[in-house]
Amino acid sequence: MLPLEAHVLGSSAARPYLDRGTSSLFVQAGGNRVLIDCGEGTQLEIERQGLSAAKVDVVCITHMHGDHLYGLPGLLGSLALGQRTKPLTLIGPKELELYLAQTFKFSEAHLTFPLSFVELDFDMPVRDVVILRDLKIHTIPLIHRIPACGYVVEQTSKGLPLKDGVIDEYRIPYQKIESIKAGEDFVNKKGVKIPNSKLTNAEHNPTPLAYLTDTSPLSRYPEGWCPPSVLFHDATFSAEDEALARKTGHSTVLGAAAFAKTCNAEELFLTHISVRYADREVLLQEAKTAFAKTRLA
Ligand SMILES: [Zn+2]
Ligand SMILES: [Zn+2]
């Protein structure tokens, strides 16, 4: 299974600063690229990190707050200037389509590529909202001041990998390969059954990445979903500002750590940290008391 790669483009809450842009995460595996949130300054950070906006297949927007969204019209405009023709899928609240249409109308901008919109479901977790060749995208409703959804991105399964040399050894016809990769046994021309375990290796587990911001800590992770290898979680406030977190629909670092335990995450990245904390290292240490494998996004 292809490795999942994530690049943090912005992790600041509310507004961009010289050292940290607003929310955005670039995820890629194989030939597919997904951008989650697109705060102001996202396209500059894509350039700085040597990534390619032109190759993005899907942009996922968590909610309509500006610090997650204001970079999107500019990014799409730049893609049009670059004469992009490849279609782009947008996942987001239904207002997203109108927001972009009005922005482009009043600024007389014209896109050179088709946009397709997928509306978020704020009532329940949804799997396979978009399936690409190498990546698939699921959504989870969040708890925020306005409707918001988090995203889980994982590698698309290519089926069980065949063991070396089995095609020649057992004279497996091309048409049978797909069913064997799906776990079926193979029956040869003489009627002899070759068990699947002789033909395939165990599949590597997917390593899902979950991106949950902006949100109060959720009480549970969707049942039956593979736990995230990497969890990016809202950590706007320190533990002592719990009341503020609750009031604004955000999480403290301890709330983020608690949810990392709830969902059995392997590793937690604190994101959307408020600029009110001059020393983010203090917040990191606070989170580590509850969840050791924590890092700053
Ligand atoms: Zn925000
Ligand atoms: Zn927000």
Side-chain angles (χ1 to χ4, degrees), residues 6-27 34-46 59-75 90-100 103 119-123 125 139-153 209-218 231-239 241-257 259-260 268-278 280 283-284 287 296-297:
H7 302 265
V8 178
L9 305 175
S11 61
S12 165
R15 55 156 283 192
Y17 292 87
L18 286 173
D19 61 337
R20 270 194 309 147
T22 42
S23 292
S24 187
L25 185 72
F26 191 99
V27 184
V34 170
L35 189 65
I36 310 179
D37 276 341
C38 192
E40 195 181 335
T42 293
Q43 57 173 323
L44 286 178
E45 196 55 33
I46 289 175
V59 179
C60 311
I61 297 295
T62 52
H63 64 303
M64 294 300 288
H65 279 157
D67 57 331
H68 300 254
L69 179 63
Y70 287 168
L72 186 57
L75 177 72
L90 298 178
I91 313 177
K94 69 170 188 297
E95 294 81 3
L96 181 64
E97 186 169 7
L98 181 63
Y99 167 80
L100 289 173
T103 305
E119 191 183 328
L120 284 169
D121 184 330
F122 297 112
D123 293 328
T139 60
I140 300 176
L142 301 175
I143 306 167
H144 194 41
R145 301 196 301 282
I146 62 172
C149 269
Y151 291 89
V152 176
V153 181
L209 174 152
Y211 176 93
L212 308 181
T213 195
D214 298 354
T215 189
S216 299
L218 305 176
L231 168 66
F232 285 84
H233 199 283
D234 184 320
T236 310
F237 296 105
S238 82
D241 290 323
E242 163 81 42
L244 211 48
R246 206 167 298 178
K247 187 175 155 204
T248 55
H250 286 292
S251 300
T252 66
V253 290
L254 289 184
F259 187 73
L268 167 66
F269 283 81
L270 305 173
T271 194
H272 204 271
I273 295 177
S274 167
V275 75
R276 70 175 59 220
Y277 308 107
R280 291 185 298 145
L283 274 77
L284 175 62
L296 296 172

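Not measured: the values here are computed from a predicted model. In each ligand, atom 1 is the first atom listed, and ligand 1 is the first ligand listed.
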Residue His65 atom name (nearest to the Zn ion (ligand 2); N/O/S): ND1
Side-chain heavy atoms of Pro141 within contact of Asp123, under 4.5 Å: no
Reported CG-to-OG distance for the pair Asp67 and Ser24, which is rounded to 0.5 angstrom: 11.5 Å
N/O/S atom name from Asp67 that is nearest to the position of the Zn ion (ligand 1): OD2
The Zn ion (ligand 2) to nearest N/O/S of Asp214 less than 2.8 Å: yes
is_close_aromatic(Tyr211, Tyr151), centroid dist under 6.0 Å: no
Metal proximity, His144 vs the Zn ion (ligand 2), N/O/S cut-off 2.8 Å: yes
His250 backbone or side-chain N/O/S under 2.8 Å from the Zn ion (ligand 2): no
Interatomic spacing from CG in Leu142 to NE2 in His233 - rounded to 0.5 Å: 8.0 Å
Separation of Asp214 CG from His250 NE2 (nearest 0.5 Å): 4.5 Å
Whether His68 has an N, O or S atom under 2.8 Å from the Zn ion (ligand 1): yes
Passing candidate, side-chain contact (heavy atoms from CB on, under 4.5 Å) with Tyr99, options Ile61, Leu69, Leu72: Leu69
Residue His272, metal the Zn ion (ligand 1), N/O/S under 2.8 Å: yes
